[in-house]
J.: 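My structure is below; once you've seen it, I'll send some questions.
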2 protein chains.
Amino acid sequence: MSSVFKALSDPTRRRVLQLLRGGPMTAGDLAQHFDVSKPTMSAHFAVLKEADLVHTERSGKSITYYLKLSVLEEALMGFVHTFGLGSTAEVTSAPVPPGNRKKATST
Amino acid sequence: MSSVFKALSDPTRRRVLQLLRGGPMTAGDLAQHFDVSKPTMSAHFAVLKEADLVHTERSGKSITYYLKLSVLEEALMGFVHTFGLGSTAEVTSAPVPPGNRKKATST
DNA sequence: TCGACAGTTAGCTAACTATCAAAATGAGTC
DNA sequence: GACTCATTTTGATAGTTAGCTAACTGTCGA
């Protein structure tokens with residue numbers, strides 16, 4: 001769970017996932033979209049693999065990356081549901097449960 | 001966006017948010033639930049504030065923390081929707097969109 | 001087997017994060 | 001004003017992360 005959020009906390013990795021959402025891509029194709037060295041991209045891929053958000057397959061010389069949407073979904077939606085989100089539309093503060101001190105909501 | 005995921009990547013901070021989901025709490029009350037020093041907790045609070053996931057209010061001597069559910073929701077659900085999640089139930093791999101190299105799915 | 005290509009690993013630096021103890025701040029109380 | 005309590009800030013240390021270059025591994029084609 002932590003590893004998923006950690007993976008998601010980097011913009012480069014989020015973009016990789018979004019690219020992968022459009023379909024599998026090789027490491028090289030992915031790397032082309034970014035302005036960092038290949039070893040750096042490889043490290044990002046390793047973080048994504050560690051979080052189990054992608055899996056890989058060799059296709060000859062290249063290695064193709066596949067998004068594991070189900071893992072992303074389980075982690076994210078699981079957390080979302082824990083918070084009773086996903087159906088709420090405009091919650092401003094807390095749900096104001098019983099035993100709450102009333103404060104002047106200046107928002 | 002990154003700051004939200006970064007905040008979420010720590011179990012202590014996720015726990016804090018879950019506690020706050022049950023209603024506002026003071027820093028001290030929150031700290032009681034964890035086995036770390038108060039400065040450490042304060043640092044975690046700062047990360048949550050930085051991500052705009054909580055806001056604070058002084059109530060006399062104590063400082064009360066409030067969960068900003070809306071921010072959490074926007075960040076999470078925004079991302080979830082970006083990935084077309086939230087309605088899918090059992091996606092195993094990628095949605096296999098058009099323009100896809102076909103590979104031997106060994107799974 | 002050799003050379004080219006695709007990725008990863010190794011080794012490093014700089015920057016960041018988590019943690020603590022101790023000191024400082026802010027807000028009530030006497 | 002001085003005292004006390006709750007929380008934050010400061011300063012130090014240990015561990016982690018992102019990034020690089022250089023070197024290595026594995027695969028293909030000749």
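Below, read A as the first sequence line, B as the second, and so on, with proteins coming before strands; counting in each chain starts at 1.
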J.: Quick one: which of C:dT8, C:dT19, C:dA21 gets closest to the side chain of B:P39?
T.: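 Closest nucleotide to the B:P39 side chain: C:dA21.
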J.: Less than 4.0 angstrom between a side-chain N/O of A:T26 and OP1 or OP2 of C:dG7, yes or no?
T.: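 So the side chain of A:T26 is within the cut-off, an N or O lying under 4.0 Å from OP1 or OP2 of C:dG7.
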J.: I want to confirm an ordering. Mapping A:G60 and B:D29 to their closest nucleotides on DNA chain D, which one lands closer to the 5' end?
T.: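 First, find each residue's nearest nucleotide; the 5'-ward one identifies B:D29.
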J.: B:R21 side chain to B:L69 main-chain N or O, any donor-acceptor pair under 3.5 Å?
T.: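 No.
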J.: Take A:M25 and A:L20 through the test side chain to side chain contact (heavy atoms under 4.5 Å, CB included) and record every step on the way to the result.
T.: CA-CA 6 Å; A:M25 293 175 74; A:L20 250 26; 4.0 Å; yes
J.: Tell me: CG of A:D10 to P of C:dA15, nearest whole Å?
T.: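 A:D10 atom CG is separated from C:dA15 atom P by 17 Å.
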J.: Is a donor from one side chain sitting under 3.5 angstrom from an acceptor on the other, for B:S2 and A:R14?
T.: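 Yes, side-chain donor-acceptor contact under 3.5 Å.
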J.: Ignoring backbone atoms, establish whether A:R58 has a side-chain N or O less than 4.0 Å from OP1 or OP2 of C:dG7.
T.: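 A:R58 to C:dG7 OP1/OP2: no side-chain N or O under 4.0 Å.
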J.: What is the separation between atom CD1 on A:I63 and atom C1' on C:dG7, rounded to the nearest whole Å?
T.: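 About 6 Å, once rounded to whole Å.
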J.: Does A:A43 reach a base, just sugar-phosphate, or nothing at all? Heavy atoms under 4.0 Å.
T.: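 Answer is nothing: A:A43 stays at 4.0 Å or more from every strand.
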J.: What orientation do B:F45 and B:Y65 show, parallel under 30°, tilted 30 to 60°, or perpendicular over 60°?
T.: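 The rings of B:F45 and B:Y65 sit tilted, inter-plane angle from 30° to 60°.
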J.: In whole angstroms, how far is the C1' atom of D:dG19 from the CE atom of A:M41?
T.: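 My rounded result for the distance is 13 Å.
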J.: Strictly below 4.0 Å: does B:H44 bring a side-chain N or O up to OP1 or OP2 of C:dT19?
T.: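 For B:H44, the contact criterion (side-chain N or O under 4.0 Å from OP1 or OP2 of C:dT19) is met.
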J.: Give a yes or no on whether A:Q18 atom CD has more than 12 heavy-atom contacts from other residues, nucleotides or ligands under 6.0 Å away.
T.: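 Correct, the count exceeds 12.
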J.: Mind checking whether A:L53 and A:L30 sit in one hydrophobic cluster, side chains of I, L, V, M, F, W, Y counted as touching below 4.5 Å?
T.: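 Shared cluster, yes.
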J.: From the options D:dT8, D:dA18, C:dC20, select the nucleotide whose nearest atom is closest to the side chain of B:V36.
T.: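 Out of D:dT8, D:dA18, C:dC20, the nucleotide with an atom closest to B:V36's side chain is C:dC20.
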J.: With no hydrogens and no angle check, just 3.5 Å: does a side-chain donor-acceptor pair link A:T64 and A:S59?
T.: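 There is such a pair (donor and acceptor under 3.5 Å, judged by atom type) between the side chains of A:T64 and A:S59.
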J.: Atom CE of A:M25 and atom P of C:dA6: how far apart are they, to the nearest Å?
T.: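 So the two atoms are 14 Å apart, to the nearest Å.
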J.: Distance check needed: D:dT17 P versus A:E50 CD, whole Å only.
T.: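 Taking CD of A:E50 and P of D:dT17, I get 9 Å after rounding.
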J.: Using a heavy-atom cut-off of 4.0 Å across all strands, would you classify A:F34 as base, sugar-phosphate, or nothing?
T.: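 No contact.
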J.: Are OP1 or OP2 of C:dT8 and a side-chain N or O of A:Y65 less than 4.0 angstrom apart?
T.: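 Indeed, a polar side-chain atom of A:Y65 lies that close.
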J.: Over all strands shown, is B:S62 touching base, sugar-phosphate only, or nothing at heavy-atom distances under 4.0 angstrom?
T.: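 The residue B:S62 makes sugar-phosphate contact but no base contact.
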J.: Name the atoms and distances for all side-chain donor-acceptor pairs under 3.5 Å in residues 34-41 of chain A, with sequence neighbours left out.
T.:
from: A:S37; atom 1: OG; to: A:T40; atom 2: N; distance (Å): 3.3
from: A:S37; atom 1: OG; to: A:T40; atom 2: OG1; distance (Å): 3.0

J.: Could you state the NZ-P distance from A:K61 to D:dC24, rounded to the nearest angstrom?
T.: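 Value for this atom pair: 21 Å.
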J.: Quick one: which of D:dA18, D:dT8, C:dT8 gets closest to the side chain of A:S42?
T.: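 Comparing D:dA18, D:dT8, C:dT8 against the side chain of A:S42, the answer is C:dT8.
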J.: Rounded to whole Å, how long is the line connecting atom NZ of A:K38 with atom P of C:dA6?
T.: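 That distance rounds to 6 Å.
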J.: Which of these nucleotides, D:dG19, C:dG7, D:dT7, is closest to any side-chain atom of A:T40?
T.: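 Among the listed nucleotides, the one closest to the side chain of A:T40 is D:dG19.
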J.: Could you give the angle between the helix axes at the two ends of the helix from C:dT1-D:dA30 to C:dC30-D:dG1, with five pairs per end, rounded to 10 degrees?
T.: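 One end's axis against the other's: 20°.
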J.: To the nearest Å, give me how far apart CZ (A:F5) and C1' (D:dT17) are.
T.: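 Whole-Å distance recorded here is 19 Å.
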